[in-house]
Amino acid sequence: MHSEFELIARYFTPDIPGPEAGVTLGVGDDCTLLAPTPGRRLAVSVDTSVAGVHFPEDAPAEAVGHRALAVSLSDLAAMGARSRWCLMALTLAEADDAWLAAFSRGFRELCDVTGTALVGGDVTRGATTIGVTVMGEVDPGMALTRGGARDGDLIAVTGALGGGAGGLALWQRGERDPAHPLLARYLRPWPRLVAGEALLGLASAAIDISDGLLADLGHVLECSGVGAELDPDALPLAEGLVEALGDEPARRAALGGGDDYELLLTLPAECLDLARRRLAALDLPLTVIGRITGSRGIAGVEEGAEGGWQHFRARPGKGRAP
Ligand SMILES: [Mg+2]
């Protein structure tokens, strides 16, 4: 195995970010020194991706690099923060040059597209695991949180749902065409950073859909102390999802599947038009899928006997138990 220093130098620091990226002292010392924009708040989050747990062990290395950063950036997007810096803790079973070259390419391309500077890292030997810390900025008092949903707000999602779960299902069936829309959604999710910023001042609450729509909506409801009425027929399904899985499994994937990395938000009805116009400028649809209510729980879907979500037709008066 290469020395830690060789690995870092070779694959991750071809262009050491400088003052123009807010980096006062870059890679090579014990710490990196950063200069946040005066008056802005720092938004910080970390996510860990483990081979065989969070992504298939045989996933393309470039996709693994892209994805490891994307899932962390998605948390910045959910708060409406602008991404600035990241750190990577990389644990590898073996140092394979071709794998590392592709992995770092996927990672650095997403850094470039999102204006994120990789400002430090650590490499160790062990089961393949990628930990990515991201740092972004947002104005004081402006961050989108999970706790702001109010009775009467609309519930909406960006983009389409079910692509993450659908893509994973296809991968497990042996589909390997990287251009397949569902596989692309699963292997190379795009964090909705620009959309998150566009929703500042309009959304009352937001979260990124990583655990699945119902689970993540549940987090918003809990933090906000409210309930919801969902219209499962309104869910925007990912391209090719019904064809790949069938109608009912497709809806199940959209409701309960994870790894979509779209934004779920609540907003007052009078903000909908402006929010839609701003996202349309990004080529991103915003679909209303329900409404916030004052009674706890989620009405419109029912939890099945086996723990899955079995019934998908809205049934007035029959909601999920609080
Ligand atoms: Mg999140």
Side-chain angles (χ1 to χ4, degrees), residues 41-50 53-55 64 66-89 107 110-111 114 116 129-138 142-149 153 155-165 167-168 185-200 202-226 228 235 238 253-267 279 284 286 289 292 298:
R41 295 290 175 264
L42 209 50
V44 182
S45 182
V46 64
D47 255 299
T48 303
S49 299
V50 181
V53 177
H54 300 101
F55 61 90
V64 174
H66 172 101
R67 206 170 181 287
L69 177 59
V71 301
S72 287
L73 290 174
S74 182
D75 284 324
L76 293 184
M79 306 285 289
R82 178 170 298 182
S83 178
R84 297 214 56 194
W85 305 291
C86 69
L87 299 165
M88 174 168 43
F107 191 96
L110 187 56
C111 277
T114 59
T116 310
T129 303
I130 309 115
V132 180
T133 300
V134 288
M135 287 166 272
E137 292 181 342
V138 64
M142 289 300 287
L144 307 174
T145 67
R146 300 175 178 188
D153 283 352
I155 303 170
V157 292
T158 61
L161 301 176
L168 176 59
R185 289 295 305 247
Y186 173 67
L187 291 173
R188 298 177 62 85
W190 282 90
R192 299 302 189 191
L193 286 160
V194 184
E197 274 196 85
L199 291 165
L200 289 173
L202 297 178
S204 51
I207 191 170
D208 63 314
I209 303 179
S210 53
D211 299 339
L213 171 66
L214 288 174
D216 289 313
L217 174 60
H219 297 318
V220 169
L221 301 182
E222 194 182 334
C223 288
S224 299
V226 292
L235 294 181
L255 277 172
D259 291 327
D260 278 330
Y261 302 103
E262 294 293 350
L263 298 181
L264 168 70
L265 55 128
T266 63
L267 75 175
L279 296 196
L284 193 60
L286 182 67
I289 59 165
I292 294 294
I298 303 176

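For reference, positions follow the sequence shown, starting with 1. When a ligand or atom number is given, it counts from 1 through the structure's own listing order.
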Which protein atoms of type N, O or S are found under 2.8 Å from the Mg ion (ligand 1)?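 Metal shell, protein only: Asp75 OD1, Asp208 OD1.
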Is the backbone of Gly162 close enough, under 3.5 Å, to the side chain of Asp260 for a donor and an acceptor to pair up by distance?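 Yes, Asp260 side chain to Gly162 backbone: donor-acceptor pair under 3.5 Å.
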Residue pairs fulfilling side-chain hydrogen bond (donor to acceptor under 3.5 Å, both in side chains) with at least one residue in residues 189-198, sequence neighbours excluded: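 Passing the test, one end in residues 189-198: Arg82-Glu197, Arg192-Glu262.
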Geometric cation-pi criterion, Arg185 with Tyr261: 6.0 Å, 45°: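 Because its charged atom misses either the 6.0 Å distance or the 45° angle limit, Arg185 does not stack over Tyr261.
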Distance-only polar pair, side chains of Ser83 and Thr116, donor-acceptor under 3.5 Å: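 Ser83 vs Thr116: donor-acceptor pair found between side chains.
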So among Leu267, Leu144, Val194, which one has a side-chain contact (heavy atoms from CB on, under 4.5 Å) with Leu199?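 Running side-chain contact (heavy atoms from CB on, under 4.5 Å) over Leu267, Leu144, Val194 with Leu199 returns exactly one hit, Leu144.
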Quick check for you: to the nearest 0.5 Å, what is the distance between His54 atom NE2 and Arg67 atom CZ?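 Spacing of NE2 (His54) from CZ (Arg67) equals 9.0 Å.
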